[in-house]
Amino acid sequence: MIRTEEMLLNVGPQHPSTHGVFRIVLKIDGETIIEATPVIGYLHRGTEKLAENLQYTQIIPYTDRMDYLAAMTNNYVICHAVETMMSLEIPERAEYLRVIVMELGRIASHLVWFGTYLLDIGAMSPFLYAFREREAIINMLNEICGARLTFNYMRVGGVKWDAPDGWIEKVRDFVPYMREELAGYHDLVTGNEIFLNRVKGIGYYTKEEALNFSLSGANLRCTGTNWDLRKDEPYSIYDRFDFDVPVFHTGDAWARYQCRMQEIEESLKIVEQAVEQFPKEGPVMAKVPRIIKPPKGEAFVRIESPRGEIGCYIASEGKKEPYRLKFRRPSFYNLQILPKLLVGENISNLITILGGIDIVLGEVDG
């Protein structure tokens, strides 16, 4: 019998330009993980407390930084919460622009996940292809809002400004291009035997466990739970579009991969329909006061971000700053299941499990 000793292994923290400032302390016996402790908080910036001294419009840039792969979605949730409190009616053209940029952002986010996930488990080419397509999206978002990462395009009552001339046509042309490239991803990766051996049956959990841990997004839908807020609690104008919610049942890294890849296809469907239905003219901003003061009361809204369910709670005293602000961040909840997934696993499966969960640490720490 080979004598072994337990040892502690620090994974991270890593530089924020890679996968976030995240540390996980592993206790291993040989090559088997017997204890896993995630350590978070390296990126904590006190967004919710800072918001108590900021006007509502000033809070929006802080949401860009919560999830730097889905800034448009986070912009929207704070605006949606304030608009709900004020019972604002958003111009139709603004709603279409919001949906288009949010779904383009969802595709770009999933492309980063796809590329870095494959890179982490040993494949170089998919990373280069994914970032090539992401660059096309980033260029379009840069053109409409003036930024490449922290987009800051949403405003309470609509969007900052209208789409530039020819922008909608560029989005329309992007859809068939992305579909063709997505088919190439499947040819390269999805049927690859080495990849399948790395992800099938790894990081498994049940539907009940997913619900108990409050998982959402692809991390929930991979267990057979059909739940997507765009369908089940429609917001904005999502009820106008015909799209499916990808659901798989094996609850492993393979199912999570399939969910996200199919979500790219479904987002392309939404973008395609939004471009075809896009109003030819109209305002992109509702009539809102210069200084926004929601009435006294509280509101909670939730939407579907690329990571899962993101919620925003606001308590107002009728002033220009919120009395309290709280975000329900999907990555924070998705992270909680990691110890359960890692204990008993071989150390070689660590990256497959970590990457498959798809967390953004800025969103965890706030």
Side-chain angles (χ1 to χ4, degrees), residues 12-17 19-24 37-86 88 105 109 147 149-157 160 213-214 216-217 229 235 288-336 338 359-366:
Q14 297 161 334
H15 192 275
S17 68
H19 298 308
V21 278
F22 175 59
R23 175 187 178 213
I24 187 163
T37 307
V39 183
I40 63 176
Y42 291 97
L43 206 56
H44 187 65
R45 291 157 292 185
T47 301
E48 294 158 346
K49 192 64 180 174
L50 286 168
E52 294 175 15
N53 294 301
L54 296 170
Q55 294 183 27
Y56 286 93
T57 303
Q58 294 174 315
I59 300 170
I60 299 173
Y62 285 80
T63 66
D64 305 344
R65 279 83 178 167
M66 286 196 318
D67 182 348
Y68 29 79
L69 299 181
M72 290 292 191
T73 309
N74 289 4
N75 277 188
Y76 179 80
V77 75
I78 177 72
C79 292
H80 184 36
V82 178
E83 289 159 1
T84 300
M85 297 188 78
M86 298 176 69
L88 280 177
S109 175
L149 191 66
T150 50
F151 300 121
N152 196 242
Y153 180 56
M154 308 285 181
R155 292 292 182 270
V156 175
K160 185 162 58 173
F213 278 96
S214 295
S216 56
L229 290 169
Y235 52 92
V288 295
R290 200 168 191 77
I291 302 297
I292 295 167
K293 294 181 180 180
K296 188 174 181 178
E298 57 185 5
F300 177 76
V301 300
R302 53 183 183 169
I303 66 171
E304 193 75 26
S305 86
R307 241 68 52 206
E309 188 175 306
I310 183 167
C312 179
Y313 167 80
I314 295 176
S316 170
E317 291 290 327
K319 300 177 181 178
K320 62 181 185 296
E321 305 92 2
Y323 175 69
R324 288 288 185 270
L325 176 71
K326 174 68 179 176
F327 289 105
R328 190 267 187 210
R329 299 174 170 92
S331 288
F332 181 80
Y333 292 89
N334 293 341
L335 184 71
Q336 309 308 312
L338 273 182
I359 51 175
V360 168
L361 272 298
E363 190 192 86
V364 170
D365 297 331

[Y] side chain reached by [X] side chain, heavy atoms, under 4.5 Å:
X      : Y      : answer
Tyr76  : Ile303 : yes
Glu83  : Val156 : yes
Leu54  : Pro322 : no
Leu335 : Phe22  : yes
Leu50  : Thr47  : no
Val77  : Thr63  : no
Tyr235 : Arg302 : no

Measuring from [X]:[atom1] to [Y]:[atom2], what's the distance to the nearest 0.5 Å?
X      : Y      : atom1 : atom2 : value
Asn152 : Thr57  : CG    : OG1   : 10.0 Å
Phe332 : Ser214 : CZ    : OG    : 10.5 Å
Thr150 : Met66  : OG1   : CE    : 13.5 Å
Lys319 : Lys296 : NZ    : NZ    : 9.5 Å
Ile60  : Asn74  : CD1   : CG    : 12.0 Å
Leu229 : Glu309 : CG    : CD    : 4.5 Å

Could you check whether any side-chain N or O of [X] sits under 3.5 Å from a backbone N or O of [Y], counting only pairs where one atom can act as donor and the other as acceptor?
X      : Y      : value
Ser316 : Pro294 : yes
Tyr56  : Ile78  : no
Thr84  : His80  : yes

State whether the number of non-hydrogen atoms from other residues, nucleotides or ligands found under 6.0 Å of [X] atom [atom1] is greater than 12.
X      : atom1 : value
Lys160 : NZ    : yes
Tyr323 : OH    : no
Phe327 : CZ    : yes

### Message
salt bridge (Lys or Arg N to Asp or Glu O under 4.0 Å) for Glu48 and Arg329? Distances and angles first, verdict last.
### Response
CA-CA 12 Å; Glu48 294 158 346; Arg329 299 174 170 92; 3.1 Å; yes
### Query
Quick one: which of Met86, Gln55, Glu321, Met85 gives a side-chain contact (heavy atoms from CB on, under 4.5 Å) with Ile292?
Met86
### Query
Would you say the side chains of Arg307 and Thr73 form a donor-acceptor pair under 3.5 Å?
no
### Query
Looking just at side-chain N and O atoms, do Asp64 and Asn75 make a donor-acceptor pair shorter than 3.5 Å?
yes
For [X] and [Y], work out which heavy atoms get closest and say how close.
X      : Y      : result
Ile314 : Ala81  : CD1-CB, 3.7 Å
Ser109 : Pro306 : OG-CB, 3.5 Å
Phe213 : Gln336 : CE2-O, 3.5 Å
Pro330 : Ser216 : CB-OG, 3.9 Å

### Query
Could Arg328 and Tyr333 be counted as a cation-pi pair, given that NZ or CZ must be under 6.0 Å from the ring centre and within 45° of the axis?
yes
